[in-house]
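All of these numbers come straight from a predicted model, not from anything done at the bench. Numbers restart at 1 for each chain; the letters A, B, ... are given by sequence-line order, proteins then strands. Just the heavy atoms: all of them, side chains too, but no hydrogens, waters or symmetry mates, feed the values below.
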There are 2 protein chains.
Amino acid sequence: MKTIYSIENLHTILSGRTHSAFNRALLSNFRKNNILLTREQWTVLGVLWKNDGCTQQTLANQTSTDKPGITRLIDNLEKENLVERHPDTNDKRLKLIYLTPKGKSIEEEVLNVVNQTLKEAVKDIESERLQIVKETFQQIYDNLETKK
Amino acid sequence: MKTIYSIENLHTILSGRTHSAFNRALLSNFRKNNILLTREQWTVLGVLWKNDGCTQQTLANQTSTDKPGITRLIDNLEKENLVERHPDTNDKRLKLIYLTPKGKSIEEEVLNVVNQTLKEAVKDIESERLQIVKETFQQIYDNLETKK
DNA sequence: ATAATAAGGTTGTTTAAACAACTACAAAGA
DNA sequence: TCTTTGTAGTTGTTTAAACAACCTTATTAT
């Protein structure tokens, strides 16, 4: 069983250490700007800012969160008055999630902080290398998910 | 404010989607082999297999887990009879974590499943590109952590 | 038309991440 | 010596990940 790369280094990549660091940095930058959101909550809002009024299932698909996760994220976003659940009148199974005025109003501020944090993260890294990272991560994701 | 790469794609990388997929795949492969461990528990055991009897603080440093996290991981590993806490006689603050015979015995089996899962993950990906991913992730991690 | 199947959401449970607050002990300084 | 400071570990809380079980409503098949 020949090993052409270091398994340990690989595991370090996939273990989520850098992902956690990004999460911490983003949360810290949110707090500095008095934004009381988590990364996951922001991700949900990010979908809604482009596609207001979509279903929870759509949110689940577009954020790679499972259905129970979306239920709880929406619960918390509702408590903060950022979104509202509107039952669909045609299909009573569906709940359409709409941004409140408050939810709409924070878009620019939040995106600024997100972009700023991403810039910090990739400081001094060539875009060609980022492109390779992006493609490789997509391929790893496909390798792991499509075989099921 | 010029954007030379897609912020959205970047966020997808750093959001942890691929990391979660790897976690799921590893857990699934563990279950198929009747190994009742999580990725985090395995990571702790991985340190102990090389450095049995180290302190919880060492485990925290080497696994990028915070101290409360290690406390609970060790709690669970102790319940499964995989490790034991031994208070240090010289420095009464320290607790040295030792593998039990059971904890030692599963090393080969667990590492086989981990390696197998890593191979699935990076199937058909050139090692040069993995190297770039590794280096880039290290740099992102440094960018985010060293500025604090 | 009715039964079976599928889809959308919710609830419950375990494990982990992050952070604050705390206890116990050790080391350093006055 | 005694006080201060630092280190190691624990407990508590909120949020999220994963997964199973469940309820309700739609759709499909017979």
Does the plane of the ring in A:Y98 sit parallel, tilted or perpendicular to the ring in A:H86? Use 30° and 60° as the thresholds. perpendicular

Using a 4.0 Å heavy-atom cut-off across all strands, classify B:L27 as base, sugar-phosphate, or nothing. nothing

Both A:L94 and B:S64 contact DNA chain C. Taking the nearest nucleotide for each, which residue is further toward the 5' end? A:L94

Specify the separation, in whole Å, of atom CD of A:Q62 and atom P of C:dG8. 14 Å

Please work out if A:N76 contacts a base, only the sugar-phosphate, or nothing of the nucleic acid, heavy-atom cut-off 4.0 Å. sugar-phosphate

Of B:G69 and B:N23, whose nearest nucleotide on DNA chain D comes first from the 5' end? B:G69

Comparing B:Q41 with A:R93, nearest DNA chain C nucleotide closer to 5' gives the residue A:R93

Using the side-chain contact (heavy atoms from CB on, under 4.5 Å) rule, take A:Q56 and A:R85 through it: C-alpha gap first, then chi angles, then the decisive distance, then the call. CA-CA 9 Å; A:Q56 295 190 191; A:R85 284 178 168 94; 3.0 Å; yes

Under 4.5 Å between any side-chain heavy atoms of B:I97 and B:V44, yes or no? no

Side-chain contact, heavy-atom cut-off 4.5 Å: A:L14 with B:H19? no

Using a heavy-atom cut-off of 4.0 Å across all strands, would you classify B:N90 as base, sugar-phosphate, or nothing? sugar-phosphate

Round to the nearest Å and state the distance from A:I74 atom CD1 to C:dG9 atom P. 10 Å

Establish whether the base of C:dG9 is bridged to the side chain of A:K67 by a donor-acceptor pair shorter than 3.5 Å. yes

Hey, does A:D91 reach any base, or is it just sugar-phosphate, or nothing, if we go heavy atoms under 4.0 Å? sugar-phosphate

Under 4.0 angstrom, heavy atoms only, what part of the nucleic acid is A:L73 near: base, sugar-phosphate, or nothing? sugar-phosphate

Surrounding NZ of B:K123 (heavy atoms of other residues, nucleotides or ligands, distance under 6.0 Å), is the total greater than 12? no

Test: A:R39 cationic atom under 6.0 Å from A:F22 six-membered ring centre, within 45° of axis: no

Could you check whether B:T71 gets within reach of a base, just the sugar-phosphate, or nothing at all, counting any heavy atom under 4.0 Å? base

Bounds of contact between DNA chain D and chain A, in 5' to 3' order, using a heavy-atom cut-off under 4.0 Å: D:dT15 to D:dA26

Please give, in whole Å, the distance from C:dT10 C1' to A:Q57 CD? 13 Å

Contact class for B:R85 (heavy atom, under 4.0 Å): base, sugar-phosphate, or nothing? sugar-phosphate

Against A:Q131, only a single residue in A:E135, A:R129, A:E128 fulfils side-chain hydrogen bond (donor to acceptor under 3.5 Å, both in side chains); can you say which? A:E135

Could you tell me how far apart A:K92 (NZ) and C:dT10 (P) are, to the nearest whole angstrom? 17 Å

